[in-house]
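The chains referred to below are lettered A, B, ... by the order of the sequence lines, with proteins before strands, and numbering in each begins at 1.
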Amino acid sequence: MAAPDAAKAPAIELRGISKSFGPVQANKDISIRVMPGTIHGIIGENGAGKSTLMSILYGFYKADSGEVFINGTKTNITDSQAAIAAGIGMVFQHFKLVPNFTVLENVILGAEDGALLRPSLAKARKELTALAKEYELNVDPDSVVEDLSVGHQQRVEILKALYRRAEILILDEPTGVLTPAEADHLFRILENLRREGKTIILITHKLREIMEITDTVSVMRRGEMTATVKTAETSPEHLAELMVGRKVLLRVDKVPAAPGAQILEVENLQVVDSSGVQRLKGIDLDIRAGEILGIAGVAGNGQSELLEVLGGMREAKGSIRLNGQPLPLSGAGADASARRQLGIAHVPEDRHREGLILDFHAWENVAFGYHRDEKYQRGLFMDNDALRQDTQAKMAKFDVRPPDCWLSAKSFSGGNQQKIVVAREIERNPDLLLIGQPTRGVDIGAIEFIHEQIIALRDQGKAILLVSVELDEIFALSDRIAVMFDGQIMGFRDPATTDEKELGLMMAGITDTRDPVSQEASQHG
Amino acid sequence: MDFLTLIQILDSTIRLATPLLLACLAGLYSERAGVFDIGLEGKMLAAAFLSAAVAYVTGSVWLGLLAGIGASMLLALVHGLASITFRGNQLISGVAINFLAAGLTVLVAQSWFQQGGRTPSLMGGARFEPITLPFADALSGVPFLGPIYGDLVSGHSVLVYMAFALVPITWWILFRTRFGLRLRAVGENPAAVDTAGVSVTRLRYAAVLICGVLCGVAGAYLATGLQAGFVKDMTAGRGFIALAALIFAKWRPWNALWACLLFGLLQAVALRYQNLDLGGIVIPVQVMDVLPYILTVIFLAGFVGKAIPPRAGGEPYVKER
Amino acid sequence: AEPALIYDLGGKFDKSFNEAAHTGAQKWAEETGETYREIELQSEAQREQALRRFAEAGANPIVMAGFAFGSALDEVADDYPDTKFAIIDMVTDKPNVRSVVFNEHEGSYLVGMLAAMKSESGTVGFVGGMDIPLIRKFACGYVQGAKAANPDATVIQNMTGTTPAAWGDPVKGAELTKAQISQGADVVYHAAGGTGVGVLQAAADEGILGIGVDSNQNYMHPGKVLTSMLKRVDNAVYEAFSAGTDLETGIQVMGIANGGIGYAIDENNEALITAEMKAAVDEAAAKIASGELVVHDYMADSTCPVE
Amino acid sequence: MDKMPRWADVFLIPLISLLLAAGLSALVILAIGENPWAAVKMMVSGALGSTYGWGYTLYYTTNFIFTGLAVAVAYHARLFNIGGEGQAMLGGLGVALACLYLPLPHWLLALPVAAIGAALFGAAWALIPAYLQAKRGSHIVITTIMFNFIAAGLLNYLLVNLLRPVGSMDPATDKFPEGTHLPTLHDLLAPIGIEFSKAAPANVTFVVALLACLAVWLLLWRTRLGYEIRAFGHSEPAAVYAGINPVKITMIAMLISGGLAGLMAVNNVMGEAERLVLNAVEGAGFIGIAVALMGRNHPFGVLIAALLFGFLYQGGAELALWTSIPRELIVVIQALVILFTGALDHMVRMPLERIFLSLRKGA
Ligand SMILES: Nc1ncnc2c1ncn2[C@@H]1O[C@H](COP(=O)(O)OP(=O)(O)OP(=O)(O)O)[C@@H](O)[C@H]1O
Ligand SMILES: Nc1ncnc2c1ncn2[C@@H]1O[C@H](COP(=O)(O)OP(=O)(O)OP(=O)(O)O)[C@@H](O)[C@H]1O
Ligand SMILES: [Mg+2]
Ligand SMILES: [Mg+2]
């Protein structure tokens, strides 16, 4: 290949990539060009096929059809080895590190210089020092990876790629697990890399990040590439529209809340996990009847643990009162079924892991957690007829499609699965509904339906605790917002008087400096 | 217990620990790479049979050893096929291999030699003979040192020395070579190895085949070193004791040596005494027989130390996002 | 009807007890040109099924090699009154059963004498199979013989185990033998079925002498096996097969007197046994046969006069 | 969306696996110079050709039903119990102690009492592995293997030193008293005019085994407990979410499993040998694994698979008796069944799924 040509050729060009997993078509005939020395963003809803596409580029999956050109040369990427050879590095959403190896060992793994380790390690140590200086990628080469923070682990992943001389770096949702400060640091690193002429593909859900750092952006929807635009020439609203295929209402219609009696009071709630890390460091909150309390925060700051404790899935210290009655926090009576008896319903964050038994029929899932209820019993046995009738009724009411109670849970789409879970929990008419990530991986139609149901429950005078990593969702539904950071609540805000910026800082653990400002803001509001 | 008896028991310990050690190291390679192997027993048994049969037929113990290794590797391949290629349940595959070996060895031995599922006794060159180390005879007169060197250290078959040498070698391979690094990585997080451009499948097959080789040597030692021929079920649970030793050793080579010596000692004592009289407390032989298993259960229970297996162990590798 | 033979757990080719039974059956088959049925047990639990299956199929007589068949035979014998059974090493009191017992203590006495006379260290060894009265009977006879030949002789005794597994554990046999050798034994006698293969192997490997049992085991390590205590299980089986359906029931005692017990000299061990040793032993044998010398039978009172 | 129709999953795959196992076994028979077809004929006539054969076939079937159910119940809680062998051994001890030391004048009384003894002892032997799994995460496969060996040692010690009657040479208990003898199928069928072999050991326990199948089915698919066991087996986090206590379910499932394995002793120890001998279980605990895998862990599947293995076992015993094919042939078949239905499941499944996918697309 002649030099002048190479200068103009895109660093990456994909042509007509298709990939299906059994009946699911994850990528349909996708083409894309990324110019060298740019940062290219890819956005799309959950399940749009972003990760699949990148995994194909990295040789982790094999495309069913399509071609890949690197720097203008057709490249047959058969496996990750070939991708690495072609100068591609990838940082996966879930890191691919060996937890009990040191940073150094992780970096040289697969890129050793010879059969013996010693020389490779020495060489890598030198090179890491250089890289650390060049790109602000500081990590102690001798620390064991599992002892590092998530942000540092991510740096190890980037170092791995750079150590392998990657010219093209793919990052799959790199900020999902980072605090805003860590994310800022990452972006500085990325800009350093761009300055050095590296090409970067950044997958994210966050429009703000796209607008902030990318040069061009592609939008994916349902396995297809719907558009590629210059970032400078677009707007968040436009991108959102491209993502879901129609105009998006970021607001849900609702009347103002009319909070009633105190339903839930939580005081000084503390949780230490099995590896001895304190996950909740003294949580205080309360929720009234007819009120939605939204909990915002970066994933992994204790929201999941809070839901689990309230739902009876985890033991804790401190105190919880429901309708004025104290609840046991450990031992017998602290389990999920006891909580349900008391009128706490729980839509868990992860419906596949927790909310459903995927291999059970729909009718079996409709009793899940409530299978001890009197109405489902007939003598020694369970009353399966009653269960099935119940299921059929709920399916009709919540418009679950297809309305066949004999289908196994795994045969429903994500949105319909979530409807089954929500139906089960809401129809129990609980005093308190715990609901985590209610619309994660759910299509837009189902999102609206589920949001309406949550509002309707509030309007019946129930208390609702909503946990979501989507700030839009928090704003749309909450009557009050609490922000969690590092196992603590950084403060409560009124959605009407706060904004994403303020919450974002709180999510990074910064409150003090901003407090007067936010008060100012609320006075203006 | 006088000094000579002690030497005798330790001597016997070394002989009995050898097959345990070989099988234990075999398991170590496999399990460190994330493939659990409860089929050590079966592979040893198959190797014991074929090594004895071929040694008998050819009169050469070395050919026998090769054949034994071949038999064991064949079963290792089946295990690899089931647990790596077809992503089956590694435990079930191990169980199946144990039965396969138990059945096939007798079936083939019976049709081959018509001796009720055993091979004829091996003589001369068809057996591994003890080796006398240099100066063993010269030192035999020296008190204390003489018996230790002459009886305890010297006078074992070449496979015994090989087994003991394998401990440092294994350590070195695992912790000082590229192969070892990758092997340990694939047992902890195969996705890391995969995305680093190294084939998980190839690595795991390599580990499983090394396991096959070592089990083969262990089996051959049983039939052509420790004994003089194959008899039905001659491994008699040694594969499981080796597995227990592996857990006991927390999947580390040097620990494996100590664990196998301990279990070998228990066997030696159980062989020697019907009931062990420890100053008034009589320990029945059955207790000694099952002590390795009891110790392992106690150990597994985490009351003394914690046995954390390789994290990806037992799970087939399926690509995930 | 075809006769049938059931071997005990050690297996047909244990080179010892079961193999002796097999030899007898083979001899009968070769001489008569007829066929017989046989099966090797795999587990304790199969005894009764094996017996019944042969009885159902019309085999007659059915010979069992081993005392452990006692209780199964007790069960089954009455169900097949027309079938004749013969059991070796056990007395079963049924009208259609012949119980063949041997005076193993007599033969053991003879080889005990040989062992003591051959021993240079004055220490000889005994490795038994399963620790049961029958095997103690062997041991006791052996000690008596050794002491008779050399009153100062030391006899080291070990039993392999307490379960039938003790009949098929050559590793343990070898280890026990090595232990005895380290304690000074230079002749070791085994009464341990398949386990004895390991005993004789270890003896040969370590350059001392072994003594075989039941069958003639001299050939296994020529020049390394001093002699074998012959327990003519083969004769018992041969006789039972020959008698066919007319098998005489009741107790049949086989001893030195009627050739049921003896010791083996052949080309493999003649060099090891001097004329005077042979003379001494043959004299003792004659005395035992005539009743002049009585060897104490351990099973008579569960004690042994010498240690 | 399911990749295959249910019937293919439930019948076709086990059938193909079985055929593969049978085919390979036939090759093995050929390799050792025997005629597989003649062997099959002999097995069929030996196992099914007479009431005597049936009596043994059903006797073995009974054993395998219990051990198969034991594996299956544990499996539904995602526990791989390979300790059936040890649990059945201990069940034998329970039966022996009940029969020898309790006054049981009639089998109608003796049967339930001995059954309780068997189940209790079997369950007790599963207790420690269950507890360690539930509370300390010790891998149940390893602990149950260890417990098999420990059980053998324990029984060995007890039979040799404590339970063996004075003067006896066998390591076995005394004969059980007359009152505890269970009626055989001969005794049961004679009153209704069916002539069944007197010599065969199949006994009333077979009926108990059939009831056990039904009971396990009801338990798993009709009761709350079964619902919880299955839910736990599918997903532990989900079970916690639903208020199902993992420790409790692990323990209960293993205790039921151990109890079922122990119940086998009613058949072999009380119904057949009428005394406790060493190694009375004869590997039935391990065959339970093959039976459960083959029967897709469904009680009725277990019943069918147990019948199949009962046939193989009796047929194999006949082969060993009349030909020079050793009984180990059954062990080989058993191994191949476990291999194909258990470990190489994907090998059979993947091409089938592809076929069904293309059929569906074609349709
Ligand atoms: N290994 C796999 N097996 C089966 N289906 C898969 C696999 N990987 C992805 N899919 C499916 O392919 C589709 C696209 O998934 P992909 O992970 O690429 O989406 P994504 O855009 O990265 O979503 P997210 O934003 O949640 O990360 C989804 O429907 C997903 O369920
Ligand atoms: N309308 C229906 N649609 C689909 N399947 C049905 C329908 N009616 C009955 N079945 C089938 O009938 C059987 C009912 O049995 P049951 O509920 O006991 O079993 P199950 O929950 O399916 O579990 P298993 O199949 O393991 O027995 C199931 O196999 C179920 O799939
Ligand atoms: Mg993704
Ligand atoms: Mg994803």
Side-chain angles (χ1 to χ4, degrees), chain A residues 21 26 47 49-55 58-62 77-86 88-102 104-121 145-146 156-157 160-161 163-164 170 172-173 203, chain B residues 28 31-34 84-85 87 168-207 210 250-253 255 302 305-313 315 317-321:
Chain A
F21 295 104
K50 310 180 292 290
S51 301
T52 305
L53 186 66
M54 290 305 115
S55 299
Y58 191 63
F60 197 56
Y61 292 142
K62 232 194 205 123
I77 297 184
T78 45
D79 54 15
S80 300
Q81 176 106 63
I84 292 168
I88 303 174
M90 177 153 175
V91 177
F92 286 82
Q93 204 169 342
H94 303 289
F95 303 149
K96 311 289 184 191
L97 297 170
V98 182
N100 59 349
F101 277 19
T102 63
L104 220 46
E105 287 172 324
N106 265 295
V107 167
I108 63 165
L109 179 67
E112 309 88 343
D113 291 307
L116 298 186
L117 284 185
R118 228 174 257 271
S120 308
L121 287 168
V145 159
E146 62 194 339
V156 179
E157 285 285 21
K160 264 170 72 176
Y163 185 75
R164 288 161 170 73
I170 307 165
D172 192 352
E173 295 189 32
I203 298 180
Chain B
L28 193 133
E31 302 209 346
R32 273 283 187 166
I84 303 170
T85 305
R87 291 187 235 122
I169 292 175
T170 299
W171 175 84
W172 185 80
I173 289 178
L174 277 185
F175 297 102
R176 287 289 177 270
T177 69
R178 172 175 65 192
F179 176 70
L181 182 79
R182 293 177 175 185
L183 192 83
R184 286 182 291 133
V186 84
E188 295 289 337
N189 185 1
V193 174
D194 193 9
T195 53
V198 180
S199 161
V200 172
T201 309
R202 268 217 296 273
L203 265 176
R204 287 199 163 166
Y205 264 107
I210 293 176
K250 300 186 186 177
W251 292 268
R252 289 170 189 283
N255 292 1
K306 190 105 186 98
I308 302 166
R311 256 166 268 215
E315 293 298 326
Y317 173 55
V318 184
K319 284 190 186 203
E320 254 183 314
R321 287 154 289 165

Heavy-atom pair with the smallest gap, counting every atom of [X] and [Y]:
X: B:Ala33; Y: B:Val186; result: O-CG1, 3.4 Å
X: A:Arg164; Y: B:Ala196; result: NH2-CB, 3.7 Å
X: A:Tyr61; Y: B:Lys319; result: CE2-CB, 4.1 Å

message = Does A:Lys160 qualify as a cation-pi partner of A:Tyr163, given the criterion of NZ or CZ under 6.0 Å from the six-membered ring centre and within 45 degrees of its axis?
response =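 No, a cation-pi geometry is absent between A:Lys160 and A:Tyr163.
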Toward chain A, the part of B:Arg184 with a non-hydrogen atom under 4.5 Å = both
Please determine, among [options], the option with the most heavy-atom pairs under 4.5 Å with chain B.
options: A:Leu109, A:Leu116, A:Ile108; result: A:Leu109
options: A:Gly114, A:Ala83, A:Gly59; result: A:Gly114
options: A:Ser120, A:Pro99, A:Ala111; result: A:Pro99
options: A:Ile84, A:Leu121, A:Leu117; result: A:Leu117

Contacting moiety of A:Leu97, where chain B heavy atoms sit under 4.5 Å =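 Contact with chain B involves the backbone of A:Leu97 alone.
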message = If I measure from the heavy atoms of chain B, does A:Asp79 come under 4.5 Å with its side chain, its backbone, both, or neither?
response = neither
ask   = What do you reckon, is CZ of B:Arg252 surrounded by more than 12 foreign heavy atoms closer than 6.0 Å?
value =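 No, because the 6.0 Å sphere around CZ of B:Arg252 holds 12 heavy atoms or fewer from other groups.
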inquiry  = Can a side-chain donor-acceptor contact be found between B:Tyr205 and B:Thr85 if the only test is distance below 3.5 angstrom?
reply    =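 Checked: B:Thr85/B:Tyr205 side chains pair up, N/O donor to acceptor below 3.5 Å.
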